[in-house]
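To keep things clear, I will list the structure first and then write my remarks on it.
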Amino acid sequence: MDNGFFKNIEKKTGVNMKDIFELANSLQNANFRDEKTVRNVIKRVSQIANKPVPQELEDQIVKSIINDGKALDFNTIANMMNNKK
C-alpha cells in the first residue's frame with residue numbers, strides 16, 4: 001500500500017500505523033479462549049486508540065468473546081462501547 005495512505009490515516013485518527021501492524025501481528029496466533037490474552041488485547045487496543053475502557057465494559061467484552069463464543073471483531077466491540085450507559 002501507498003505510504004501516503006497510511007500517513008493520511010495517522011493524521012486523521014492520531015493512531016500510529018506501526019502500532020496497528022504490531023498489534024495485528026501479535027494477534028495472528030493468539031488464543032482468544034484465554035481470558036488473560038483477551039484482556040491484554042483489549043488493553044492494548046485501548047492504549048493505541050487512547051480511549052479508556054471501563055472495567056465493566058472490559059468484563060462484558062471478555063465474557064462475550066470467551067463465554068458466549070462471539071468472534072473478536074471490532075464491530076462487536078464498537079457496538080458494545082456505543083451501547084454503554
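- Asn50 CG: 12 or fewer foreign heavy atoms inside a 6.0 Å radius.
- Scanning both residues, Val53 and Glu58, for their nearest heavy atoms gives CG1-N, 3.7 Å.
- Contact detail for Ile65 and Phe32: the closest heavy-atom pair is CG2-O, 3.6 Å.
- Distance CD1/Ile66 to NZ/Lys36: 13.0 Å, rounded to 0.5 Å.
- The heavy-atom pair separating Ser26 from Ala30 by the smallest distance is O-CB, 4.0 Å.
- Here Asp34 does not pair with Arg39 in a salt bridge; the nearest charged N to carboxylate O distance is not below 4.0 Å.
- Atom CD of Glu56 has 12 or fewer neighbouring heavy atoms from other residues, nucleotides or ligands inside a 6.0 Å radius.
- Contact detail for Arg44 and Glu22: the closest heavy-atom pair is NH2-OE1, 4.3 Å.
- When all heavy atoms are compared, the tightest approach of Asn16 to Glu10 is OD1-OE2, 3.6 Å.
- One distance of note links CD of Gln47 with CD1 of Ile42; it measures 12.5 Å at 0.5 Å rounding.
- Of all the heavy atoms in Ile48 and Ile20, the pair that sits closest is CG2-CD1, 3.7 Å.
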